[in-house]
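Working notes, structure below.
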Amino acid sequence: MDHGSPHQPTAASTHPVSPRATGAGAAMYRFVEDEAEREILAAADVRGFFVEPSLGRSETITAVGSSLRPTGLPLLLEDVELRVRDVRGREIGGYYIGRVEVTDSRDSVSVPGGTDLAMSFFGHAAPYPYAGEIWKTWAQGPPAEPGRWKGLPPEARESWLHVVQTVWFRTGHQARRYGDAATCEIPGADLADIAGFYCALGEAVNGPGGYFGSNPHALADCLINSEARPAPPFRLVWRDVETSRRDVGDKEIDEVISVLRGHGIEIDCPPSA
């Protein structure tokens, strides 16, 4: 990942630190020096990073059950990427943060042997307030069955879609169709909002937890990239489309229909029962 010239540690980042393991099963997050690929610390949880979009910025971040015990504070870290891994240790997501300052350290009350670190990400945040809990679900493994997103409140579905997209690309997938099914079906009565549409479409085309766009431009990219495959375009059966129009809105529904049809996708909207 190219972020320009690698940052060099500053004077504040040269405080000695003492690593402490928290247990292999506990560390879902890794703080990594991006260019050098050096692990700085691992943590069981990171709180305060996933925020409401209206907030825009993070305040205090807490790395829970950290493997790092600083012996001098503040501790300034540079060129940091926050990475997410599953229970098998496979990386499934990541966020480039850049500068991180550790401002406080205390024994963890929730992870025996670990350290809870108070940090500043200098305002950097991810505007997906439910993503932290959704990452915990994905860390146990990708969905085995479609529709896990349906059990979430509508306001959480954009966070689910964000995690789906992040995992999809982090694990080596491309923006294209992988399945060969001639017909894909989406449940229009279950969508609630446009994020629900993309959750449903991704699974209809690429299986449980699958991705096939997150906005009209990304959808077009997936369709264009899929045109190079020998398989013909799929036929989309969109059930209860009138319910989708009521819940999502005519403008957004018409926009995605236009993109799909513009790339040769036949859309069948059977009447509601």
Task: salt bridge (charged side-chain N to carboxylate O under 4.0 Å, His left out) evaluation trace for Glu37 with Arg83 - done: CA-CA 11 Å; Glu37 287 292 319; Arg83 299 183 183 179; 2.7 Å; yes
So do the side chains of [X] and [Y] get within less than 4.5 Å of each other, counting heavy atoms only?
{"X": "Val256", "Y": "Tyr198", "result": "yes"}
{"X": "Val164", "Y": "Trp149", "result": "no"}
{"X": "Asp268", "Y": "Trp238", "result": "no"}
{"X": "Leu82", "Y": "Val100", "result": "no"}
{"X": "Phe31", "Y": "Leu77", "result": "no"}
{"X": "Thr243", "Y": "Arg246", "result": "yes"}
{"X": "Pro208", "Y": "Glu145", "result": "no"}
{"X": "Thr60", "Y": "Asp104", "result": "no"}

Roughly how far, to the nearest 0.5 Å, is [atom2] of [Y] from [atom1] of [X]?
{"X": "Glu227", "Y": "Cys222", "atom1": "CD", "atom2": "SG", "answer": "11.5 Å"}
{"X": "Arg57", "Y": "Phe121", "atom1": "CZ", "atom2": "CZ", "answer": "13.0 Å"}
{"X": "His263", "Y": "Ile224", "atom1": "NE2", "atom2": "CD1", "answer": "4.5 Å"}
{"X": "Leu75", "Y": "Thr103", "atom1": "CG", "atom2": "OG1", "answer": "10.0 Å"}
{"X": "Leu117", "Y": "Ser67", "atom1": "CG", "atom2": "OG", "answer": "8.5 Å"}
{"X": "Lys251", "Y": "Arg245", "atom1": "NZ", "atom2": "CZ", "answer": "14.0 Å"}

With no hydrogens and no angle check, is any side-chain donor or acceptor of [X] less than 3.5 Å from a backbone partner on [Y]?
{"X": "Ser66", "Y": "Ala43", "answer": "no"}
{"X": "Trp168", "Y": "Gln174", "answer": "yes"}
{"X": "Arg69", "Y": "Asp107", "answer": "no"}
{"X": "Glu203", "Y": "Gly209", "answer": "yes"}
{"X": "Asn206", "Y": "Tyr211", "answer": "yes"}
{"X": "Arg85", "Y": "Ala27", "answer": "yes"}

Within the supplied structure, the quantity of interest is the number of heavy atoms (other residues, nucleotides, ligands) at a distance under 6.0 Å from [X] [atom1]; does it exceed 12?
{"X": "Arg148", "atom1": "CZ", "answer": "no"}
{"X": "Arg229", "atom1": "CZ", "answer": "yes"}
{"X": "Glu158", "atom1": "CD", "answer": "no"}

Give a yes or no on whether [X] and [Y] share a hydrophobic cluster (residues Ile, Leu, Val, Met, Phe, Trp, Tyr; joining criterion: side-chain heavy atoms under 4.5 Å apart).
{"X": "Leu260", "Y": "Val237", "result": "no"}
{"X": "Trp135", "Y": "Val80", "result": "yes"}
{"X": "Ile257", "Y": "Val259", "result": "yes"}
{"X": "Val32", "Y": "Met119", "result": "no"}
{"X": "Val163", "Y": "Val51", "result": "no"}

Task: Ile97 and Phe49: CA distance, side-chain angles, deciding distance, side chain to side chain contact (heavy atoms under 4.5 Å, CB included) verdict - done: CA-CA 10 Å; Ile97 308 299; Phe49 176 59; 3.7 Å; yes
Quick check: closest heavy atoms across [X] and [Y], and the distance to 0.1 Å?
{"X": "Pro70", "Y": "Ser105", "value": "CD-OG, 3.8 Å"}
{"X": "Arg170", "Y": "Gly93", "value": "CG-N, 3.5 Å"}
{"X": "Ala139", "Y": "Asp86", "value": "O-CB, 3.1 Å"}
{"X": "Ala44", "Y": "Val111", "value": "CB-CG2, 3.9 Å"}
{"X": "Phe212", "Y": "Leu219", "value": "O-CD1, 3.6 Å"}
{"X": "Arg157", "Y": "Gly196", "value": "CD-CA, 4.4 Å"}

- [ ] Evaluate the side chain to side chain contact (heavy atoms under 4.5 Å, CB included) criterion for residues Tyr96 and Asp34: first the C-alpha distance (whole Å), next the side-chain angles of each, then the deciding distance (0.1 Å), finally the verdict.
- [x] CA-CA 8 Å; Tyr96 185 75; Asp34 187 46; 3.9 Å; yes
Task: Passing candidate, side-chain contact (heavy atoms from CB on, under 4.5 Å) with Val241, options Pro270, Pro271, Cys269 - done: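 Among the candidates, only Cys269 passes.
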Task: Arg239 and Asp190 ion-paired at < 4.0 Å - done: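 Answer for the salt bridge query: no.
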- [ ] Evaluate the side chain to side chain contact (heavy atoms under 4.5 Å, CB included) criterion for residues Lys136 and Glu133: first the C-alpha distance (whole Å), next the side-chain angles of each, then the deciding distance (0.1 Å), finally the verdict.
- [x] CA-CA 5 Å; Lys136 292 176 184 177; Glu133 292 304 310; 3.1 Å; yes
- [ ] Apply side chain to side chain contact (heavy atoms under 4.5 Å, CB included) to the pair Leu236 and Leu201, showing each step before the final yes or no.
- [x] CA-CA 9 Å; Leu236 180 65; Leu201 182 66; 4.2 Å; yes
Open item on the list: Can you confirm whether or not the ring centre of His173 sits under 6.0 Å from the ring centre of Tyr178?
Closed with: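 Here the rings of Tyr178 and His173 have centres that are less than 6.0 Å from each other.
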- [ ] Determine, using ring centers only, whether Phe50 and Tyr95 are less than 6.0 Å apart.
- [x]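 Distance test on ring centres: under 6.0 Å, yes.
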Task: Ser108 and its side-chain hydrogen bond (donor to acceptor under 3.5 Å, both in side chains) partner, picked from Thr62, Asp116, Asp45, Thr115 - done: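 Result: among Thr62, Asp116, Asp45, Thr115, Asp116 is the only option passing the side-chain hydrogen bond (donor to acceptor under 3.5 Å, both in side chains) with Ser108.
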